[in-house]
Amino acid sequence: MATGLLLASSLALATTACAGDGKRVVKGAAIGGAGGAVVGAVVPGISTGEGALIGAAGGAVVGALGKDDKGREWYRDSDGRKYYIDKKGRRHYK
């Protein structure tokens, strides 16, 4: 279990460092942490703290991979500019 917690928390930190939109990652981590704490309180064998850590890591990943309100996924190129890819495979920069 300790290995899983270590892996989940390191994944959350790495995702935050690489993500395009930090606000979305933090929001996902907060929501995931709250949900994980509830699950940890209900499920036997998982403490509230462990559930919160696992939920926060999962929420951060989901927040980093999420889409905007128009259903577009945003990426960053090697220069740090944000873009999305349309249905024809073309990049559109912000």
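Every value quoted in this text rests on a predicted model; they were computed, and no experiment measured them. Quick note: numbers below take in every heavy atom, side chains included, and nothing from hydrogens, waters or symmetry partners.
- Qualifying side chain to side chain contact (heavy atoms under 4.5 Å, CB included) partners for A52, counting only residues two or more places apart in sequence or in other chains: A37.
- Hydrophobic cluster membership of V42, counting Ile, Leu, Val, Met, Phe, Trp and Tyr whose side-chain heavy atoms lie under 4.5 Å apart directly or via other members: none, as it forms a cluster of its own.
- D86 meets the side-chain hydrogen bond (donor to acceptor under 3.5 Å, both in side chains) test with R90, H92; sequence neighbours excluded.
- When atom types are taken as modelled, the side chain of D79 and the backbone of R81 share no donor-acceptor pair closer than 3.5 angstrom.
- Every residue two or more places apart in sequence or in another chain that forms a ring pair (Phe, Tyr, Trp, His ring centres under 6.0 Å) with Y83 is listed here: Y75, Y93.
- With sequence neighbours left out, the side chain to side chain contact (heavy atoms under 4.5 Å, CB included) criterion links V39 to V43.
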